Amino acid sequence: VGYVGQEEHDVNPVLYTDADFAGCSKTMRSTSSVFMSVMGPNSSCPLAATSKKQTSVSHSTPEAEIVEDRVVTRSSSGKKGAKRQKKTQA
């Protein structure tokens, strides 16, 4: 639940990202997390959030963060309004 308490030109989109290091004790893979919201002096409205296990094994916290940054860059660089579809197996 969010609240927008001012004009449209007074709010901005905000993207928070984070990654843990070897969060899965079985696979030693890290987890990437992303949270997007609209923020302003009197506003806070969450838009989207996701958390996903990384596909590679990182050897340090900075490496896990770099992998996480690549995931965010790839997912946000698509065209506005574009939908991503999962491949289905026959």
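What you see is a predicted model; the values in this text were computed from it and never measured. FYI, side chains are in, hydrogens and waters are out, and symmetry mates aren't considered; it's all heavy atoms of this structure.
Residues Y16 and S37 share a closest heavy-atom pair of CE1-OG, 4.3 Å. Closest approach of T31 and S51 over heavy atoms only: CG2-OG, 3.2 Å. Across all non-hydrogen atoms, the minimal contact from Q54 to R29 is O-CD, 3.0 Å. Taking each heavy atom of M39 and S44 in turn, the nearest pair found is SD-OG, 3.6 Å. Of all heavy-atom pairs spanning P41 and D10, the tightest one is CD-O, 3.7 Å.
With sequence neighbours excluded, no residue forms a side chain to side chain donor-acceptor pair (under 3.5 Å) with T27.
Annotation: the span from M36 atom CE to T17 atom OG1 amounts to 11.5 Å, rounded to 0.5 Å. Distance OG/S43 to CD/E7: 10.0 Å, rounded to 0.5 Å.
Contact check for V34 versus E68: side-chain heavy atoms found under the 4.5 Å cut-off. Using a 4.5 Å cut-off on side-chain heavy atoms (C-beta onward), S58 and S30 make contact.
Of the possible polar contacts, none joining the D18 side chain to the S33 backbone as a donor-acceptor pair under 3.5 Å is found. Of the possible polar contacts, one joining the E63 side chain to the H59 backbone as a donor-acceptor pair under 3.5 Å is found.
Following chains of ILVMFWY side-chain contacts shorter than 4.5 Å, one can reach L47 starting from L15, so the two form part of one hydrophobic cluster.
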